[in-house]
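Data first, discussion second: the structure below is written as structure tokens.
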Amino acid sequence: MSSPVNYTLTGNIGVITVDNPPVNALSHAVRQGLRDAFETAAGDASEALLLVCEGRTFIAGADISEFGQPPKEPFLPDLCDHMEASDKLFVAAIHGTALGGGFEVALSADYRCAVPSAKVGLPEVKLGLLPGAGGTQRTPRLAGVDASLQLITSGAPIAAAAAKEIGLVDEIIDGDLREGALAYVQQLLADNAPQRRTSALEVPAHDAAVFDQFRGQLAKKARGQLAPQAIVDCVEKAATTPYEEGAAYERKRFMELMAGDQSKALRHFFFAERAAAKIDDLPKDVALRPVESVAVIGGGTMGGGIAMTFANAGIPVTLVEISDDALERGLSIIEHNYAGSVSRGKLSEEKAAACRALITGATDYTPLADVDLVVEAVFEDPGLKKEIFAKLDEVCKDGAILATNTSYQDVNAIAAATQRPQDVLGLHFFSPAHIMKLLEVVRGDKTAADVLATCMALAKRIRKVPVVAGVCYGFIGNRMLQPYAQQTQLLLLEGATPEQIDTAMENFGMAMGPLRVFDLAGLDVGYKAREALSDEEKGDPAGYRVPDLLVEAGRLGQKSGSGFYNYDDKRRPVPDPEVDRIIEASAAEFGIERRAVSDEEIVARLTGALVDEGQKIIEEGIAQRAGDIDVVYVYGYGFPAFRGGPMFNATLTKG
Ligand code: T1G
Ligand code: NAD
């Protein structure tokens, strides 16, 4: 088996090339290859060494798939120290994304050059880890404490130009990287540029208070997460102790996190997210249909965000509404959202204008004759949706994909309203559609393979994370929400308060507790949905009595100023004794004795409800795998990624 690392002497420069597709991860073979290359170079006539990678990117990190297996030498920290100790000038040439252990390898070089499109970063925190090969010790020695804390605790990569500004990259190479880098090394030699061992550099002056500032911010922003706090401790060590001591401390903290549940959960989630994009029974080479124009029917809460999602990806969109007023309303919501993104600095004025210009309005179907994809997002009324699909069947060209954004309805029944059910599927976006990453791709019984494959690929293009779901009431996410909501209501009747339940789930890591979520979505949405169900389908009335009574009392949630909570002028939830009175009366109606309920019981019963329904969903083949359900709940319902999602979390708690 040939090594993924090649060493050639090019004139007086030893060129080390890594070629380990898809992302040049630092597998054992790559580490061994690098070690061997440096051994070879130590004995040859090379005056300097250049590290460059083949393929789409520089080394994108340690090989995550090797984690959890017995570690093999050479270990990355030792390898980085060994490369740094070389007595030959060592330069790293970066393209694509130099991430994690890959960037740590580059930090052990004397100099770093990069193409303008390159990015560098230390995303270990997203895996519940920290840079374990000197990253927390070398980065502050080049970029200072503040920039390093920001870079490592956020895990977000930065562009080459920004990296140069803070001293992490020394030279930007325009044109061919290998040629430009060889010239750069020759220049360094010609200038007698000194070797610059990063570990030997002093950490620049800084305000020692910055460490506690970051600890405070992260305690809020990354509530309950261990890695961000450990990173601050390591960078503080870098600023207060010699390199060797700091590096040993970093290693100790790294190994603790690696053995912990949070990192196991986040590593599971890393691969679950990538696996979710694959459909087991779909041939890999299905030809995709073109999607260069889109129409969205209905410009309400969802339609507007869906239109923006396509426009933001550079795809022209026609937004169809029922009347000029409704269209005006829909377009003004879009304007408002773009203005908000510009004012928050998320989007430039020019980009916002360019995206806005890709959205045109209509109040009839004439412009739809040639579109490649239609997404219907009108009221959640099955009859109306079937009417619209029958009309689309008449108007749209052959080969157009017809999608519905329904939250619950039978996609097969909607498809049957057309003569082309093979071109119909569900594309279930989540509110707000231009922000939420999740896209449930609902596969109808007759949905064609190329329609499915096209929408999976399209999801990546519009920056969504796709998960395939079969047809059932509520698909994956909303179906599991039913028993979750049911248990929430039973816990209220048994003695827990809305505030206690929400606090327990938010301390567990949920982005928002269930009662606050119901108030945000609107209690009337669930009320209307229940009106369309039979008593049998609605299940135990104890599971919806209180929300029904709240709606009938005009308490629709945030939109009416009160629901399970009252909302003050800053939209903050305030407990209301009137709600407790309604809950106590309902408990009495159902003969439920009220008692003290612990936070542990709340978390166990609510996560348990998700897992039990999730299990049924897998058994029925509605979801391909448990990891898909985890992706749905993390990206669609605010389940904490550092617990891996509800299904993975259950494997941790079962022990
Ligand atoms: N290890 C193993 N496999 C990896 C990998 C990695 N580091 N990165 C990507 N892959 C696989 C991925 O599973 C997929 O496989 C394929 O490559 C393409 O990935 C000591 C401990 C680089 C920005 O966290 O962020 O270094 O599904 O679909 O959208 O301090 O992958 O095709 O079979 O994501 O173009 C730190 C992780 C590791 C970077 C490319 N590094 N990777 O994105 O492609 S920890 C990371 C990414 C570490 C040291 C510590 C992205 C990418 P498959 P993809 P992409
Ligand atoms: P909404 O009431 O905010 O908007 C619906 C829009 O459809 C209205 O603007 C209405 O004028 C328009 N409309 C109605 N009939 C029409 C017709 N014949 N032609 C063109 N436009 C028409 O509703 P919403 O919350 O945006 O929900 C839309 C769909 O998306 C529903 O199926 C809903 O279940 C689903 N959904 C909603 C959410 C959410 O959180 N609100 C999330 C995911 C999916």
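Order of appearance sets the numbers: ligands from 1, and atoms from 1 within every ligand.
With respect to Glu256 and Arg253, a salt bridge is recorded, a charged nitrogen being found less than 4.0 Å from a carboxylate O. By the 4.0 Å N-to-carboxylate-O rule, Asp519 lies too far from Arg516 to be salt-bridged with it. With respect to Arg31 and Glu66, a salt bridge is recorded, a charged nitrogen being found less than 4.0 Å from a carboxylate O. Between Asp524 and Lys559, at least one side-chain N (NZ, or NE/NH1/NH2) sits under 4.0 Å from a carboxylate O, which counts as a salt bridge. Lys391 and Glu387 are not joined by a salt bridge, as no carboxylate oxygen comes within less than 4.0 angstrom of a charged side-chain nitrogen.
The closest approach between Ala377 and ligand 2 falls below 4.0 Å for a heavy atom of the residue. In this structure, Lys460 counts as a contact residue of ligand 1, since one of its heavy atoms falls inside 4.0 Å of the ligand. Using 4.0 Å as the threshold, Lys385 has a heavy atom nearer than that to some atom of ligand 2. Glu376 does not count as a contact of ligand 2, since none of its heavy atoms falls under 4.0 Å from the ligand.
Note: Phe518 and Phe564 have tilted aromatic rings, judged against thresholds of 30 and 60 degrees for the angle between ring planes.
Proximity to Phe254 (heavy-atom distance under 4.0 Å) selects the following atoms of ligand 1: 21 (C). Numbered from 1 in the order shown, with element, the atoms of ligand 2 that lie under 4.0 Å from a heavy atom of Ser407 read 33 (C), 34 (O), 35 (C), 36 (N), 37 (C), 43 (C), 44 (C). Within ligand 2, the atoms closer than 4.0 Å to a non-hydrogen atom of His428 are 43 (C), 44 (C), numbered from 1 in the order shown. Close contacts between ligand 2 and Thr406 involve ligand atoms 32 (O) [criterion: under 4.0 Å to a heavy atom].
The nearest heavy-atom contact from the protein to atom 27 (O) of ligand 2 is Met302 CG, 4.0 Å. Closest to atom 1 (N) of ligand 1 among all protein heavy atoms lies Ile64 N, 2.9 Å. In terms of protein heavy-atom proximity, atom 22 (C) of ligand 2 is closest to Val378 CG1, 3.5 Å. At the top of the distance list for atom 20 (C) of ligand 1, counting protein heavy atoms only, stands Glu104 OE1, 3.6 Å. Of all protein heavy atoms, the one lying nearest to atom 18 (C) of ligand 1 is Arg56 NH2, 3.2 Å. With hydrogens left out, the protein atom closest to atom 37 (C) of ligand 1 is Phe270 CE1, 3.5 Å, a heavy atom. From the protein, the heavy atom lying nearest to atom 10 (N) of ligand 1 is Val23 CG2, 3.8 Å. When only non-hydrogen protein atoms are considered, atom 43 (C) of ligand 2 lies nearest to Phe429 O, 3.2 Å. Counting only heavy atoms of the protein, atom 14 (C) of ligand 2 lies nearest to Phe379 CE1, 3.5 Å. In this structure, the protein non-hydrogen atom closest to atom 40 (O) of ligand 2 is Ser431 CB, 3.3 Å. Nearest non-hydrogen protein atom to atom 16 (C) of ligand 1 is Pro22 CG, 3.6 Å. With respect to atom 41 (N) of ligand 1, the closest heavy atom belonging to the protein is Ala60 O, 2.9 Å.
Heavy-atom proximity to atom 53 (P) of ligand 1, evaluated over Glu124, Arg274, Lys278, Glu273, is greatest for Lys278.
Side-chain contact, Glu394 with Tyr365: no donor N or O sits under 3.5 Å from an acceptor N or O.
Separation of the His95 and Phe58 ring centroids does not fall under the 6.0 Å cut-off. Taking the six-membered ring for Trp and the full ring otherwise, Tyr484 and Tyr637 have centroids separated by 6.0 Å or more. Side-chain rings of Phe430 and His428 approach one another, their centers coming within less than 6.0 Å. For an aromatic pair to be called close, the ring centres must be under 6.0 Å apart, and Tyr635 with Phe269 satisfies this.
Closest approach of Gly100 to Pro123, counting heavy atoms only: N-CD, 3.4 Å. Between Arg267 and Met258, the shortest heavy-atom contact is NH1-O, 3.1 Å.
Contact annotation: for Leu127 versus ligand 1, heavy atoms closer than 4.0 Å belong to the side chain alone. Contacts of Glu66 with ligand 1, taken as heavy-atom pairs under 4.0 Å, are absent altogether. Within the 4.0 Å heavy-atom criterion, both parts of Ala62, backbone and side chain, lie near ligand 1.
Atom 43 (O) of ligand 1 is never approached by the protein to below 4.0 angstrom, counting heavy atoms only.
A cation-pi arrangement is present between Arg274 and Phe270 under the rule of less than 6.0 angstrom and at most 45 degrees off the ring axis.
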